[in-house]
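Working notes, structure below.
Residue numbers count from 1 along this sequence. Only a predicted model underlies this, so the values are computations on that prediction, with no experimental measurement involved.
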Amino acid sequence: MFRSLAPRSCALRRRVHNYFTNGYHTSTLSTHILNHEPKKGDKVVVGMSGGVDSSVSALLLAKEDYDLSAVYMRNWDTRDESGSDKGCEWEKDWEDVQRVCKVLDIPVTMVDLSKEYWNKVFEPSLRLWEQGRTPNTDVWCNREIKFGALLERLPGSTETTKPWLATGHYARKIWSHHLTGPPRPKLVRPADRHKDQTYYLSSITEDGLRRAMFPLHNLQKPEVRELARKYNLHNAERPDSVGICFVGERGKFKDFLAGYIPQNSGTIVDKMSGKVLGQHTGLWNYTIGEGARLPGMPARMTVSEKDTTTNTVYVVPGTSHDKLFSDVLSITGFQWIWRDAPPPELDSESGYRVQVMHRYRMKATPATIRRLPDGNLRIWSDKPEHAVTPGQAAAVYDGDWCLGCGLITSAARSSPLEGEVTPPA
């Protein structure tokens, strides 16, 4: 079936020909020899979500001579909220996964990781929201669940056999060879820079990356949909998922959080004048850089800061005010993908030159990173960045190579702004 693949696009036809002729490990980065990928007969499990990306990943791998199967992760138990499973989002996703696997003739199982998700991702995120921070749960889900708990529970896993895990992420893995020691995996940007998901993968461990496969690494999103249409996959036109997957159709995310975090009222203050403009019911309802929605104001007011000590939301007029820009980021809990090999320049006076992303799909900004005496990191961006948000992940790159990430604890300007008024306590 799959050898008859003949996409209409010449570019796509060449990419798929290279994929099928040379195998998954083909790479345009000729300086790295990719000979540490699965061989004929190896167990490969495709993590599927019901979306088109993971479905086409399974489609591509189904042609290969692997012992291929699929797995669907159930990360959220609706019974925790309503006492019933009926009408929950995972059922539709699970149905879509089963339909695709039936077409591709590969076995599929569901793994319930809702307890692990609650304990390792959702509950720690709740604490951050309560503290006024804005966590990125998808980053930590990839580390703790997809390339953590799921890897340990893949179908076919034994003490001596560890299957490979393929996903629909837009990312690439290459291997770095050294004169001494075994080759090491490197997480690098994919062909489709617009869909690049290395930011979301920046927290995974080297062991997790070593067993990972990213079949879409050399394809563009339109090519992925074209393949899905070519093979009549029913979800070829399914929209990309946005936001936190388990929230689904529950409505506003703030209303969802209100069911888990008690109300904590405070004031909304003009950062420049110190004037109280209104009241809020919880810091988690506001994100740095978003509109504050204050009625009766002559101009749009934008959230610039959240003070957890005084439970205050600070706002400034407009969307491009200087107070919305930061160039000094304090980072805690940084995890290098190669944990035992952080760059030695970290401890030098001049620091280590990198590119930094503090949110998905932003253009990486040149910066210098240094390690502080307490072990935490500090990043100095070459230019101030808009709406840097504590609680988000700061992913660090050396060119296209993603080195790891850490949690942003604070963001500031390297020089104070003139005219700023500090409100009285």
Backbone N or O of [Y] within a donor-acceptor pair of the [X] side chain at under 3.5 Å?
X      : Y      : answer
Arg133 : Thr409 : no
Asp398 : Trp401 : no
Trp129 : Asn285 : no
Lys323 : Val316 : no
Arg211 : Pro163 : yes
Ser57  : Ser55  : no
His169 : Met213 : no
Asn311 : Ser265 : yes
Gln335 : Ser203 : no
Arg238 : Gly50  : yes

Candidate pair Asp347 and Arg371, rule salt bridge (Lys or Arg N to Asp or Glu O under 4.0 Å), full reasoning: CA-CA 6 Å; Asp347 299 313; Arg371 181 156 45 197; 2.7 Å; yes

Contact check, side chains of [X] and [Y], non-hydrogen atoms, under 4.5 Å:
X      : Y      : value
Val269 : Leu277 : no
Gln279 : Thr267 : yes
Cys141 : Asn75  : yes
Val303 : Thr287 : no
Val354 : Thr368 : no
Pro262 : Glu130 : yes
Tyr170 : Lys221 : yes

I need the [X] [atom1] to [Y] [atom2] distance, nearest 0.5 Å.
X      : Y      : atom1 : atom2 : answer
Tyr200 : Thr137 : OH    : OG1   : 9.0 Å
Thr312 : Ile268 : OG1   : CD1   : 10.0 Å
Trp140 : Lys146 : CH2   : NZ    : 15.5 Å
Asp382 : Thr365 : CG    : OG1   : 6.0 Å
Leu377 : Tyr352 : CG    : OH    : 12.5 Å
Leu151 : Leu165 : CG    : CG    : 5.5 Å

Residue pair Thr198 / Asp196, side-chain donor-acceptor N/O under 3.5 Å: yes

Verdict with supporting geometry, Ser348 and Glu345, side chain to side chain contact (heavy atoms under 4.5 Å, CB included): CA-CA 5 Å; Ser348 69; Glu345 298 90 339; 4.1 Å; yes

Worked verdict on Tyr260 versus Phe122 for ring-ring contact (aromatic ring centres under 6.0 Å, His included): CA-CA 11 Å; Tyr260 295 91; Phe122 187 65; 5.1 Å; yes

Arg353 CZ: over 12 foreign heavy atoms closer than 6.0 Å: yes

Criterion side chain to side chain contact (heavy atoms under 4.5 Å, CB included) on Asn264 and Leu283, from CA distance to verdict: CA-CA 8 Å; Asn264 186 18; Leu283 296 178; over 6 Å; no

Sole candidate of Asp240, Asp53, Asp192 that passes salt bridge (Lys or Arg N to Asp or Glu O under 4.0 Å) when paired with Arg225: Asp240

Which atom of [X] lies closest to which atom of [Y], heavy atoms considered:
X      : Y      : value
Pro38  : Trp164 : CB-NE1, 3.4 Å
Asp374 : Asn376 : OD1-N, 2.9 Å
Ala212 : Phe147 : CB-CE2, 3.6 Å
Leu216 : Gly168 : CD1-O, 3.4 Å
Thr205 : Gly208 : OG1-N, 3.0 Å
Leu154 : Ser157 : O-OG, 2.8 Å

Side chain to side chain donor-acceptor pair (under 3.5 Å) evaluation trace for Trp175 with Glu37: CA-CA 10 Å; Trp175 294 89; Glu37 298 298 336; 3.0 Å; yes

Can a salt bridge be assigned to the pair [X] and [Y] using a cut-off of 4.0 Å between side-chain N and carboxylate O?
X      : Y      : value
Asp327 : Lys383 : no
Arg229 : Glu226 : no
Arg370 : Glu349 : no
Glu290 : Lys254 : yes
Asp322 : Lys271 : no

CA sep, side-chain torsions, deciding dist, call: Trp90, Met110, side chain to side chain contact (heavy atoms under 4.5 Å, CB included): CA-CA 11 Å; Trp90 72 265; Met110 178 170 62; 3.6 Å; yes

Test log, rule side chain to side chain contact (heavy atoms under 4.5 Å, CB included), inputs Asp96 and Lys92: CA-CA 6 Å; Asp96 286 341; Lys92 175 62 169 61; 2.8 Å; yes

Salt bridge (Lys or Arg N to Asp or Glu O under 4.0 Å) assessment of Arg74 paired with Glu91: CA-CA 9 Å; Arg74 179 184 176 186; Glu91 288 182 324; over 6 Å; no

Residue list, side chain to side chain contact (heavy atoms under 4.5 Å, CB included) with Gln355, at least two apart or on another chain: Ala364, Tyr397

Residue from Lys186, Arg184, Arg339 passing side-chain hydrogen bond (donor to acceptor under 3.5 Å, both in side chains) with Glu206: Arg184

Derivation and outcome, side chain to side chain donor-acceptor pair (under 3.5 Å), residues Thr281 and Gln263: CA-CA 6 Å; Thr281 58; Gln263 180 173 312; 5.1 Å; no

Ring pair (Phe, Tyr, Trp, His ring centres under 6.0 Å) partners of Phe325, counting only residues at least two apart: His386

